[in-house]
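In what follows, every heavy atom counts, from backbone to side chain, and hydrogens, waters and symmetry copies are set aside.
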Amino acid sequence: MATPAASRVLFSEAVRQVLLSWPVLQIAVDNGFGGVYGTQKADWMVDVVQQFFHDNADLQRGEVEDFLSDIMNQEFNTVLCDALLQMFSQWQQGALQTLRNTIDSLSQKKSERAKVTAPSPQSDEDEEDEEPQVMECEPSAPSVSRKADRPEEEDGWTLVKKK
């Protein structure tokens, strides 16, 4: 059996992989929801979550969900709240051109998101003779996940990542 220290390191790595491959956290970090320190907050979150498990015996699903929700709200939504408060203040003060510039800046960021194009529909008969198709995506910001490309899954989907 592994030593307690070695098993704790293994559990920490498991938590790291789960959190850093979690799409919600990836989106929050990639889009700056945590501010300039979003990546550091994601790393900190790994430590805090694994410590939460070690400090609390017999955790229930709801307790873990509440804990993760609190972290995401406190650490990754503050920039959103600050932005909304800043824009409201601009509006109240009549700084409408500044507010328009902020809106334009956000519109540009929105257009930078990944765009997914589905392959053309085909009948079941056509699928037997052709090779698998891959969805084409335009890349956005790099994600938090550091996993290598995955092979085709049982359901026939293949995950493709650009490097």
Side-chain angles (χ1 to χ4, degrees), residues 11-122 133-150 153 155-163:
F11 180 70
S12 294
E13 183 59 27
V15 171
R16 173 173 304 287
Q17 291 305 315
V18 167
L19 289 178
L20 296 183
S21 63
W22 184 29
V24 174
L25 184 58
Q26 289 177 352
I27 290 167
V29 171
D30 289 350
N31 290 286
F33 294 178
V36 295
Y37 299 109
T39 302
Q40 290 87 343
K41 287 180 180 183
D43 290 336
W44 166 83
M45 188 175 174
V46 170
D47 295 334
V48 171
V49 169
Q50 68 91 19
Q51 189 63 48
F52 179 71
F53 276 90
H54 287 291
D55 291 347
N56 298 285
D58 300 322
L59 285 170
Q60 301 297 313
R61 180 186 182 121
E63 294 171 307
V64 176
E65 288 173 350
D66 289 345
F67 184 72
L68 292 173
S69 177
D70 287 346
I71 291 174
M72 291 301 291
N73 286 332
Q74 291 172 6
E75 300 300 329
F76 290 97
N77 284 345
T78 55
V79 172
L80 177 62
C81 295
D82 291 345
L84 290 171
L85 288 170
Q86 178 186 9
M87 288 185 279
F88 183 68
S89 176
Q90 290 170 349
W91 174 77
Q92 281 182 317
Q93 295 171 6
L96 301 182
Q97 187 56 46
T98 304
L99 182 57
R100 283 188 190 100
N101 292 343
T102 303
I103 293 168
D104 290 343
S105 172
L106 292 172
S107 295
Q108 289 174 351
K109 285 183 181 180
K110 181 180 174 184
S111 68
E112 294 172 0
R113 288 190 292 181
K115 295 178 178 74
V116 177
T117 310
S120 59
Q122 57 184 350
Q133 293 185 353
V134 177
M135 292 178 68
E136 297 176 17
C137 298
E138 295 177 14
S140 63
S143 70
V144 176
S145 177
R146 309 273 191 270
K147 287 188 166 184
D149 291 341
R150 295 180 187 161
E153 301 290 331
D155 61 3
W157 287 93
T158 302
L159 179 63
V160 177
K161 293 183 182 181
K162 289 189 176 187
K163 295 184 181 183

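Of the inter-residue distances, the one linking Phe33 atom CZ with Asn73 atom CG reads 12.0 Å to the nearest 0.5 angstrom. In this structure, the separation between CG on Leu25 and CD on Glu75 is 11.5 Å, given to the nearest 0.5 Å. Within the model, atoms CE of Met72 and CG of Leu68 stand 8.5 Å from one another, a figure rounded to the nearest 0.5 Å. Note that CG of Asp66 and CG of Leu59 are 11.0 Å apart. Values are rounded to the nearest 0.5 Å.
No side-chain heavy atom of Lys41 sits less than 4.5 Å from a side-chain heavy atom of Ile71. Looking at Phe67 and Asn56, their side chains never come closer than 4.5 Å, going by heavy atoms from C-beta outward.
In the model, Ser89 has a side-chain atom that pairs as donor or acceptor with a side-chain atom of Gln93 under 3.5 Å. Between the side chains of Gln74 and Asp70, no donor-acceptor pair of N or O atoms lies under 3.5 Å.
Around CH2 of Trp44, the count of heavy atoms belonging to other residues, nucleotides or ligands within 6.0 Å exceeds 12.
Here the side chain of Ser21 pairs a donor or acceptor atom with the backbone of Gln17 at under 3.5 angstrom.
The nearest pair of heavy atoms linking Gln26 to Leu20 is NE2-O, 3.1 Å. The minimum heavy-atom distance linking Ser12 with Val46 is given by the pair O-CG1, 4.1 Å. The shortest heavy-atom contact between Asp58 and Glu63 is O-OE1, 4.0 Å. Pairing each heavy atom of Phe76 with each of Ala28, the nearest pair is CD2-CB, 3.8 Å. Pairing each heavy atom of Met45 with each of Trp22, the nearest pair is CE-CZ3, 4.0 Å.
For the side-chain contact (heavy atoms from CB on, under 4.5 Å) test with Thr102, the passing option among Gln86, Gln97, Gln90 is Gln90; the others fail. Just one of Val18, Leu19, Val64 meets the side-chain contact (heavy atoms from CB on, under 4.5 Å) condition when paired with Val49; it is Leu19.
Taking the six-membered ring where tryptophan is involved, the planes of Phe11 and Phe53 are perpendicular, since the angle between them exceeds 60° and thus also 30°.
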